[in-house]
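Worksheet for the structure shown next.
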Amino acid sequence: MYSDTATVFDVRPSSEFVETTYIREITNRALDYIKIGFPVHFSGPAGVGKTTLALHLAAKLGNPTVLIGGNHEFNSSDLIGGLYGYHKKYVKDNFIRSVLKTDERLTQQWVDNQLTIACKYGLTLVYDEFTRSRPEANNVLLSVLEEKILYLSTAHSGENYIKVHPSFVAIFTSNPAEYAGVYRSQDALRDRMVTLELGNFDEETEIQIARAKSHLGLEDVRRVVNLLRRVREAKSDKLTPTVRASIIISKILNLKGEHADASNPMFGQICMDVILPEVPKEEREIVKRVINEVARTYY
C-alpha cells in the first residue's frame, strides 16, 4: 500500500511515558488545535521533550504515523517523491520467421515519499526539527496546510497535484533559530501552524520523568532534581542543564547502588562530570559552589 521509501509505523503509548498535570494540559491544548484543523508546532531548546511529546500526541490520534527528520540536504523531492531507479521492458517479436522485431525501453519510475504518502492516505506526519531543512525545501508544505493541496513534480506521470486526505494531521518540532544548523522558517509557514513554546518541566514532572527512566528511589531523585534546579537558577542560561542531566545522574546512582548524599563523594563527582561540560567556563566556579552548598544544606 505504501511506498518503500516511506517509514510508516503505528505509534503506541510508552509504558515509561510520564503524564503529569503539566504534560496532560499541553497535550489537551494540542489536541484541541488539531481538532479544529490546525497543525501543531512544539518549539523549544534541546532536552525539553519536544519529540517525545510529538510522538505521544501522534499516539493519542491513533492513526499510522510517518516520521521525517529535518535535513539541510533536503529538497522538495525528498518530501514529495521523485524518479527512482529504472524499469526495463524488452519485447522480441518473431511471429514471422524471416522478420525480427525488437522493442527495448528504459524508463524511470515515480516513487512517493513521506509527505505524499501521509497526504494521500490521511496519516499523521511528525516532522521533527523541520527547521534543519532549508526553507525552500519546506515551501511545498504551504499549500498542504492552507489549501489542502499537494503539488507534485512535473515528472509525476499522473496529475500534477493531489487533494490532502481529511484525516491528515501534521505535527512539527523545532529548536531555537540560534542553534547551529537551524534555518529561520518562512513567516508564511509559521503562520499556518499553532506554536506551543516549551521550556523546562515543572519540578514534579521532572522528578517523575527522572524516576521513570532511572528507577532510582523517589527521595534520591528528588534530591538530584532539586540540585539541578538550583544550578539553573545560578546560571545565565536558565534552560540548562536539562532534564537529561537529572536522568543521567539518577541512572548512574541506580547502577552503582549509590545515594544522592553529601557524605557520598561519588555523588558529587558524578554531578560535576554531568553538569560542568554544559556550563560556560566563566560560570563553572559558581556552579561548583552551588553544588557544594546545596549538598551541605539539604543532604
*Heavy-atom count around E197 CD within 6.0 Å, excluding the residue itself: above 12?*
no

*What is the ring orientation for F17 with H56, classed by angle as parallel under 30°, tilted 30 to 60°, or perpendicular over 60°?*
parallel

_Please tell me whether N139 and Q186 have a donor and an acceptor in their side chains that are separated by less than 3.5 angstrom._
yes

*Does V225 belong to the same Ile/Leu/Val/Met/Phe/Trp/Tyr cluster as L239, with side-chain heavy atoms less than 4.5 Å apart forming each link?*
no

*Given side chain to side chain contact (heavy atoms under 4.5 Å, CB included), test N292 with M272 step by step and report yes or no.*
CA-CA 10 Å; N292 291 328; M272 296 291 184; 4.2 Å; yes

_Under a plain distance cut-off of 3.5 Å, with no hydrogens placed, do E283 and S236 share a side-chain donor-acceptor pair?_
yes

*L115 side chain reached by V66 side chain, heavy atoms, under 4.5 Å*: no

*asked:* Side chains of H259 and D220: any donor to acceptor distance under 3.5 Å?
replied: yes

*With rounding to the nearest 0.5 Å, note down the distance linking CG in D128 to CD1 in I68.*
10.5 Å

*Which atom names give the shortest non-hydrogen contact between P64 and L123, and what distance separates them?*
O-CB, 3.4 Å

*Are side-chain heavy atoms of L57 and I34 found at a separation under 4.5 Å?*
yes

*Do Y183 and H72 have side-chain heavy atoms sitting under 4.5 Å apart?*
yes

*Examine distances only and state if a side-chain atom of S167 and a backbone atom of G122 form a donor-acceptor pair shorter than 3.5 Å.*
no

_V182 backbone acceptor or donor facing T131 side chain under 3.5 Å_ = no

*asked:* Assess the residue pair L150 and K120 against the criterion (side chain to side chain contact (heavy atoms under 4.5 Å, CB included)); give the C-alpha distance rounded to whole Å, side-chain angles, the decisive distance to 0.1 Å, and a yes or no.
replied: CA-CA 9 Å; L150 172 63; K120 186 182 291 186; over 6 Å; no

*asked:* To the nearest 0.5 Å, what is the distance between NZ on K50 and CG on N175?
replied: 4.0 Å

*Report the distance from atom CD1 of I23 to atom CG of L53, rounding to the nearest 0.5 Å.*
5.0 Å

_Check: H41 ring centre within less than 6.0 Å of F130 ring centre_ = yes

_Quick test of your reading of the model: are R29 and E25 salt-bridged, counting only N-O distances below 4.0 Å?_
yes

*Given the rule that I, L, V, M, F, W and Y join up when any side-chain heavy atoms are under 4.5 Å apart, are L255 and I249 in one cluster?*
no

*Examine distances only and state if a side-chain atom of S76 and a backbone atom of A137 form a donor-acceptor pair shorter than 3.5 Å.*
no

*Is the closest side-chain heavy-atom distance between L125 and V169 below 4.5 Å?*
no

*Roughly how far, to the nearest 0.5 Å, is CD1 of I248 from CG of L253?*
12.0 Å

_Nearest heavy atoms of F168 and A118, plus distance in Å_ = CD1-O, 3.5 Å

*Please report the C-alpha distance between L228 and V243 in whole Å, then the side-chain angles of each, then the deciding distance to 0.1 Å, and finally whether the side chain to side chain contact (heavy atoms under 4.5 Å, CB included) criterion is met.*
CA-CA 8 Å; L228 267 295; V243 67; over 6 Å; no

*Less than 4.5 Å apart, any side-chain heavy atom of L79 and any of N113?*
no

*Can you name the nearest heavy-atom pair linking Y151 to I80, along with the distance?*
O-CD1, 3.9 Å

*Got a donor-acceptor contact below 3.5 angstrom from the R230 side chain to the I291 backbone?*
no

*Take F42 and T51 through the test side chain to side chain contact (heavy atoms under 4.5 Å, CB included) and record every step on the way to the result.*
CA-CA 8 Å; F42 294 120; T51 304; over 6 Å; no

*What is the minimum heavy-atom distance between V48 and F201, and which atoms define it?*
O-CZ, 3.2 Å

*From S250 OG over to R211 CZ, what is the distance, rounded to the nearest 0.5 angstrom?*
11.0 Å

_Closer than 3.5 angstrom, by distance alone: can the side chain of R24 be matched with the main-chain N or O of E19 as a donor-acceptor pair?_
yes

*What distance do E233 atom CD and K238 atom NZ have between them, rounded to the nearest 0.5 Å?*
7.5 Å

*asked:* Please determine whether salt bridge (Lys or Arg N to Asp or Glu O under 4.0 Å) holds for the pair R229 and E206, giving the CA-CA distance in whole Å, both sets of side-chain angles, and the decisive distance to 0.1 Å.
replied: CA-CA 10 Å; R229 295 176 76 85; E206 188 169 354; 3.3 Å; yes

_Minimum heavy-atom distance F74-G69, with the two atoms named_ = CE2-O, 3.4 Å

*Does K235 NZ have over 12 foreign heavy atoms under 6.0 Å away?*
yes

*asked:* Quick check: do L142 and R192 have side-chain heavy atoms less than 4.5 Å from each other?
replied: yes

_S214 side chain near V221 side chain, heavy-atom distance below 4.5 Å_ = yes

*Out of curiosity, does M266 fall in the hydrophobic cluster containing L276 (side-chain heavy atoms, cut-off under 4.5 Å, transitive links)?*
yes

*State whether a side-chain donor-acceptor pair under 3.5 Å links Y161 with S143.*
no

*So do the side chains of T195 and F172 get within less than 4.5 Å of each other, counting heavy atoms only?*
no

*More than 12 foreign heavy atoms under 6.0 Å from CZ of R12: is that the case here?*
no

_L145 versus A170, closest heavy-atom pair with distance_ = CD2-CB, 4.2 Å

